[in-house]
Amino acid sequence: MAKKAAVMIYPQFSMQEISCLTDALKVYFDIEIDVFASKKEIICSEDSFQVIPHKTFNEFRPEDYLCLFLLSYPACKSGLTGRCALYFRHVAGNGGISALCSAPKLYSSAPRER
């Protein structure tokens, strides 16, 4: 397993929620950060920073990451669905998920694996 962490972002995500955390992971532990979003298009944070995701949700492979960080989701009304939700459930089942701020509500809305 590579030394990588995954961060899932949405439009209007809070850069403040992740900036110190991702910096510490990189500087102190040399852990690479991959950013995921629904599309590989510019995502604007709530304070107008622009981020280009590395990968889409469909490209997420849980076995490639030490952990996954879910952020708040003020602009995401639909919750997690499909393949993306199943991956997040898989990662959580293996103890590798961290939910920040209101993300537990998003995570709980994801459908269960059958």
Side-chain angles (χ1 to χ4, degrees):
M1 178 185 300
K3 285 183 70 173
K4 294 194 295 185
V7 176
M8 184 176 115
I9 63 171
Y10 295 102
Q12 301 301 307
F13 74 98
S14 174
M15 182 70 84
Q16 178 182 338
E17 289 181 8
I18 60 170
S19 60
C20 291
L21 174 65
T22 54
D23 182 57
L25 288 173
K26 179 62 182 159
V27 172
Y28 297 112
F29 301 102
D30 197 31
I31 294 175
E32 294 294 323
I33 307 297
D34 279 350
V35 178
F36 288 82
S38 59
K39 299 177 183 176
K40 289 184 186 176
E41 297 175 356
I42 293 174
I43 304 287
C44 288
S45 71
E46 64 187 6
D47 47 2
S48 300
F49 282 93
Q50 297 180 348
V51 176
I52 301 173
H54 299 104
K55 299 179 181 182
T56 66
F57 296 150
N58 286 335
E59 295 175 280
F60 181 74
R61 294 177 31 159
E63 60 273 9
D64 293 343
Y65 296 91
L66 297 169
C67 59
L68 166 69
F69 297 99
L70 296 176
L71 308 179
S72 295
Y73 67 107
C76 178
K77 307 283 190 251
S78 61
L80 297 174
T81 58
R83 184 176 174 200
C84 180
L86 297 178
Y87 281 148
F88 295 141
R89 287 283 177 193
H90 171 82
V91 172
N94 291 323
I97 197 166
S98 287
L100 305 173
C101 296
S102 62
K105 183 177 179 183
L106 171 65
Y107 173 68
S108 69
S109 72
R112 307 270 185 226
E113 283 187 74
R114 296 192 200 312

Once the angle between the rings of Phe36 and Tyr65 is folded into 0 to 90°, is it parallel (under 30°), tilted (30 to 60°) or perpendicular (over 60°)? perpendicular
Charged N to carboxylate O under 4.0 angstrom, Lys55 versus Asp34? yes
Rounded to the nearest 0.5 Å, the CD1 atom of Ile33 sits from the SG atom of Cys67 at a distance of 7.0 Å
Work out which heavy atom in Phe60 is nearest to a heavy atom in Ala6; give both atom names and the distance. CE1-CB, 3.6 Å
What verdict does the side-chain contact (heavy atoms from CB on, under 4.5 Å) test give for Val51 and Met15, after you've listed the backbone C-alpha separation in whole Å, the side-chain angles of each residue and the deciding distance to 0.1 Å? CA-CA 10 Å; Val51 176; Met15 182 70 84; 3.7 Å; yes
NZ (Lys4) and CG (Leu66) are apart, to the nearest 0.5 Å, by 10.0 Å
Heavy atoms only: give me the nearest Pro53-Ile43 pair and the separation to one decimal. CG-CG1, 4.0 Å
The single option from Val7, Val35, Ile18 passing side chain to side chain contact (heavy atoms under 4.5 Å, CB included) against Phe13: Ile18
In sequence, state the C-alpha distance, the side-chain angles, and the governing distance for Phe69 and Leu25, and then conclude on side-chain contact (heavy atoms from CB on, under 4.5 Å). CA-CA 12 Å; Phe69 297 99; Leu25 288 173; 3.8 Å; yes
Step-by-step side-chain contact (heavy atoms from CB on, under 4.5 Å) determination, His54 to Glu32: CA-CA 12 Å; His54 299 104; Glu32 294 294 323; over 6 Å; no
Before giving the answer on side-chain contact (heavy atoms from CB on, under 4.5 Å), spell out for Ile52 and Lys40 the whole-Å C-alpha distance, their side-chain angles and the decisive distance to 0.1 Å. CA-CA 6 Å; Ile52 301 173; Lys40 289 184 186 176; 5.7 Å; no
Once you round to the nearest 0.5 Å, how far does NZ of Lys3 lie from NZ of Lys26? 9.0 Å
Looking at every non-hydrogen atom in both residues, tell me the closest pair between Glu46 and Ser14 and how far apart they are. OE2-OG, 3.2 Å
Within one Ile-Leu-Val-Met-Phe-Trp-Tyr cluster: Phe49 and Leu21, side-chain cutoff 4.5 Å: yes
